[in-house]
Structure formats: C-alpha cells, structure tokens
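One is the number of the first residue; the rest follow in order along the sequence.
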Amino acid sequence: MIQNEMSRRRLLSLGVGLGAAATLTLAGCGDGGSISDKPSAAGNGGKDYTGPKVDLKLWNGFTGGDGEIFKQLVTQFNGEHQNIAVSVVTYEWQDYYSKLPGAVSSGNGPDIAVMHMDQLATFAARGVIMELDDVAKALELSEGDFAPTVWKGGLYHDKRYGIPLDMHPLGLYYNKAAMQRAGLDPNKPPTTKDEYTAALTELKKAGIQGFWVSPFQFTGGMTYYSLLHQWGGSLFDGEVAKATFNSDPAVEACSWLVDMIKQGFSPANVGQDADYLALKSGKNAFNWNGIWQVNDLKKSPDVQWGVAPLPQIGSQQAAWANSHNFTIVKQRSADNNKVAGAKVFINWLSQHSLDWAKGGQVPARKAVRESAEFKALPEISSLAPELAYAAFPPAAPGLGEVMTTFYNAFNEAALGKKSPKQALDDGVAKANKQLEDNRKKYGS
C-alpha cells in the first residue's frame with residue numbers, strides 16, 4: 001500500500017476501484033497466445049543463481065514512504081548479487097494495473113510484478129503471470145507460516161501464483177490532544193461499541209465531531225467493509241457467485257455508520273481525505289485508516305497520535321485487509337535465466353520482510369511477526385493481532401468492477417442519496433450481473 005495516496009484516491013472518488021482498471025483492460029487483452037504459456041521450471045526455486053548476468057525489471061506501486069524502503073532493499077540485493085541486476089519501475093497503483101496487460105502483450109512488461117492479493121486471480125486467469133509452486137517449495141513455505149486467508153489468496157485453481165510479502169489492515173488512529181480536550185484518557189482508545197459511543201458523546205459535548213464518515217472507498221468504504229464483517233455479514237456467498245452485501249447484518253452495519261452522520265458525530269458530505277486530514281489537525285479524534293499512514297504521521301511531530309486495532313462494534317472482531325504478493329510475469333519468449341534470477345530475488349525479499357515492515361506493513365511470515373525485532377516496531381506491530389480476524393477480499397477473477405459497485409453502493413447511502421437498504425439492494429442487483437458476466441468471461 002502506498003503512504004501518500006492522494007492522487008489514487010482522486011481516481012477512487014470518481015468511482016473507479018483499483019481492480020476496475022485491471023479488469024477492463026484485461027478484457028481487451030488477448031488470451032496470451034503470443035505469450036509463453038508453458039510453466040517455467042527454470043532454476044531451483046530461488047535457492048541460488050549461478051548463470052550469466054541478467055537484468056530484471058520490477059514493477060510496483062509503492063509511491064510513498066514504503067517505496068523508499070523498497071528501493072533501498074533492491075539496492076541492497078543488487079549489491080549482494082553480482083549476476084542479477086533489478087531495476088525498479090514505480091507507478092501509481094491505478095496506472096500500474098491498467099498498464100500491465102498491454103505492456104506484457106507488447107513484450108515490454110516487467111519480469112517481476114508486485115500485486116495485491118485480490119488481483120492475482122484475474123491476472124492468472126488471463127495468463128499474465130506464471131505458477132510459483134516451486135518457489136514456495138524452495139522457501140519451504142506452508143499454510144502454517146501464514147494466516148490461512150493470506151496463503152490461500154495466492155492460489156488460483158490450486159496453483160500458486162503469488163508469494164505473500166505482507167498484509168496491511170485498517171487500524172484505529174486517534175488524536176490524543178482531541179481526546180484530552182473532551183476529558184478522555186488519551187492513552188485508552190475505545191475498544192467496544194459502548195466505549196466508542198460514550199467517547200463520541202463526550203467529544204460532541206466538547207464541540208468535536210469525533211468520527212468523520214468518509215463516503216469514499218478510502219476510507220469510509222473500507223470502514224464499512226470492516227463493520228459488515230463485524231456484524232457477521234459477507235460481501236459474497238462462498239462461491240463468489242452471488243453478492244450478499246444487502247443482508248440484514250450488512251444493512252445494520254451500514255445504518256450504524258449513516259447514523260453517525262445523522263446523530264452529529266460526523267459532518268455530512270465529508271470530502272476525499274478530509275477525515276484523515278481532520279485527524280491530523282485535531283478536528284476529529286478517530287479515523288479508521290490503513291497501516292500505511294503510520295509513517296506519514298511519524299513525519300508530523302506536532303501531532304499527538306496513537307494507533308490501535310479497530311474497536312469491536314458488531315458481534316465479532318473484523319478489519320479490512322489486503323496483502324502484497326510477488327509474481328513473475330510471462331514473456332513472449334521465455335528466458336529461463338531471467339526466471340531463475342527473479343525467483344532468487346523473491347526468495348531474498350521474503351527473507352528480508354522484517355526490513356520491509358519498516359515501510360508500514362505487517363510481514364506475512366509468522367516467524368517474522370513473532371520476532372523480537374518486529375515487536376520493537378510498536379506502531380506497526382500493534383496492528384499485527386488483526387491478522388487473526390482480517391477480512392481479505394476473495395480471490396476471484398474479474399472482481400475489481402464488482403468491488404467498485406460495492407463501494408459505490410455505500411457511497412450513495414453515506415451521502416444520503418438512498419436509504420442504506422435501497423442503496424445496498426441496488427448495488428447487489430448490479431453486482432450479480434457483473435458476477436454473471438465474469439463467469440462467462442473467465443469460465444468459472
């Protein structure tokens with residue numbers, strides 16, 4: 001995830017999700033007939049590389065503070081491997097996913113690509129990325145090394161296409177100064193629905209609208225995604241064949257958020273990013289936002305802040321989360337030396353995921369999360385427990401447009417254009433048509 005997401009969020013504010021651009025472009029991309037579709041068995045799964053020097057292109061979307069740390073790690077890798085040179089190309093995520101299919105088809109794609117977990121199935125189905133079961137075997141990775149959802153998210157038709165690098169959840173950011181002005185303990189953020197409501201009530205008495213509800217995907221939509229799962233709902237059925245985000249629990253969760261506005265705990269029509277900027281300026285006290293904001297807040301020494309796991313508002317704990325995965329891109333003409341070198345890089349970066357955590361990510365590997373070194377990163381490690389109940393997007397091809405429909409439905413409810421029930425019913429009707437189209441397009 002990127003740390004400074006303003007330009008990406010502008011795109012999202014127009015109703016285009018991260019996955020939508022990828023889905024639309026892929027639909028116009030060939031079935032990979034000009035790309036080598038034979039799984040490569042090059043190398044020994046990334047244990048080492050002794051061949052001639054190879055130059056590898058790596059695409060990613062780390063445009064913020066995490067990108068600086070990522071480039072430092074690549075530089076370190078290059079210094080330790082004289083026969084592998086990795087060059088980094090960075091795009092905003094929305095540009096990244098739209099550029100990749102065409103670049104691959106024209107023979108100008110990268111050798112290695114970082115992808116969000118919910119994009120893997122789409123790119124695997126279109127034949128853009130190759131299987132990596134041998135890399136997982138070489139790394140001696142198993143489901144026990146990861147949260148089950150993170151591990152399974154890298155699979156498509158029982159084949160591994162992604163090696164998990166991290167997970168990034170939402171957390172509860174709180175402004176300590178704003179809490180103090182309302183007589184609240186700045187070191188005890190609320191953890192339950194009753195505590196949250198009580199804190200908001202005290203903040204309101206002090207003239208502070210403590211929880212600004214954003215109508216946009218970043219971060220109101222993700223907040224609703226979390227709450228829907230806290231109420232025991234789901235976005236789709238188990239086969240991702242039908243949308244279910246208009247169930248009674250889903251409507252109740254959405255109504256709770258809309259009521260935050262009606263009760264004056266949040267202003268109406270909150271602008272894009274205004275919720276986060278208000279937290280930094282002390283105009284509100286609580287903001288549900290991604291772990292990627294930790295490093296941004298560290299650059300603001302005048303802001304007294306903290307971060308904690310999301311409070312449990314519904315009947316169970318849940319938090320929106322996603323995961324970055326490494327993939328190897330198929331080429332017009334397979335170069336086994338490049339593939340072998342790419343696997344060595346993925347292996348190396350996976351083993352250095354503690355260093356990557358400093359960029360604002362929770363390492364995917366269990367052993368790293370449990371290390372004393374990781375626990376010495378207080379803000380980042382404080383959100384690691386959310387991995388146990390993280391609500392990840394499902395792994396299904398072509399899901400980007402459907403997720404955009406979900407976030408747009410919430411947007412209409414949050415802006416008061418429709419009742420929560422009507423907005424979600426209309427969204428589900430549209431989503432079901434999109435899911436049917438995806439089954440025809442991808443054959444599953």
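- Judged by distance alone, the side chains of E436 and N432 never bring a donor and an acceptor atom under 3.5 Å apart.
- Defined by atom type and a distance below 3.5 Å, a donor-acceptor pair is present between the side-chain atoms of N322 and D118.
- Of all the heavy atoms in A308 and P189, the pair that sits closest is CB-CG, 4.0 Å.
- Each salt bridge (Lys or Arg N to Asp or Glu O under 4.0 Å) pair with one or both residues in residues 376-393, not counting sequence neighbours, appears once here: K298-E379.
- D248 CG: 12 or fewer foreign heavy atoms inside a 6.0 Å radius.
- Checked against side chain to side chain donor-acceptor pair (under 3.5 Å), S234 has the following partners two or more places apart in sequence or in another chain: T244.
- In this structure, W212 has no side chain to side chain donor-acceptor pair (under 3.5 Å) partners at least two apart in sequence or on a different chain.
- The closest donor-acceptor contact from the side chain of N284 to the backbone of Q209 lies at 3.5 Å or more, if one exists at all.
- For the pair E131/Y161, a side-chain contact is recorded, criterion being any heavy-atom separation below 4.5 Å from C-beta on.
- Applying the side chain to side chain donor-acceptor pair (under 3.5 Å) criterion to Y407, with sequence neighbours excluded, gives no partner residue.
- Taking OG of S247 as the reference point, atom CZ of F245 lies at 10.5 Å (rounded to 0.5 Å).
- Under the 30°/60° scheme for interplanar angles, the aromatic rings of H116 and H324 are found to be tilted.
- Using bins of under 30°, 30° to 60° and over 60° for the plane-to-plane angle, the ring pair Y96/W93 lands in the perpendicular bin.
- Pairs passing the salt bridge (Lys or Arg N to Asp or Glu O under 4.0 Å) check and including a residue from residues 411-434, sequence neighbours excluded, read E412-K418, K418-D426, K421-D425.
- The two residues A103 and W59 make their nearest non-hydrogen contact at CB-CH2, 3.5 Å.
- The aromatic rings of Y196 and F211 sit perpendicular, their planes meeting at an angle over 60°, well past the 30° parallel limit.
- At a threshold of 4.5 Å between non-hydrogen side-chain atoms, the residues F62 and V88 do not count as touching.
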Checklist entry - Yes or no on side-chain contact (heavy atoms from CB on, under 4.5 Å) for N287 and Q293, after CA distance, side-chain angles and deciding distance? => result CA-CA 11 Å; N287 182 225; Q293 299 293 20; 6.0 Å; no
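- Scanning for side chain to side chain contact (heavy atoms under 4.5 Å, CB included) contacts around T191 gives E195, with sequence neighbours left out.
- A tilted orientation is assigned to the rings of Y97 and F123, their planes being inclined by 30° to 60°.
- Residues M167 and A321 share a closest heavy-atom pair of CE-CB, 4.1 Å.
- For the pair Q316 (side chain) and H229 (backbone), a donor-acceptor distance under 3.5 Å is present.
- The aromatic rings of W256 and W288 sit tilted relative to each other, their planes meeting at an angle between 30° and 60°.
- Of all heavy-atom pairs between V150 and P164, the closest is CG1-CB, 3.6 Å.
- The six-membered or imidazole ring of Y225 lies away from that of F410, with a centre-to-centre distance of 6.0 Å or more.
- Looking only at side-chain heavy atoms (C-beta outward), Q331 and D111 come within less than 4.5 Å of each other.
- Summarising the local packing, CD of E140 is surrounded by 12 or fewer heavy atoms from other residues, nucleotides or ligands at distances under 6.0 Å.
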Item to check | Derivation and outcome, side-chain contact (heavy atoms from CB on, under 4.5 Å), residues D259 and F265 | outcome: CA-CA 9 Å; D259 285 346; F265 297 133; over 6 Å; no
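- Scanning all heavy atoms of the two residues, the minimum distance from L120 to G154 falls at CD1-CA, 3.7 Å.
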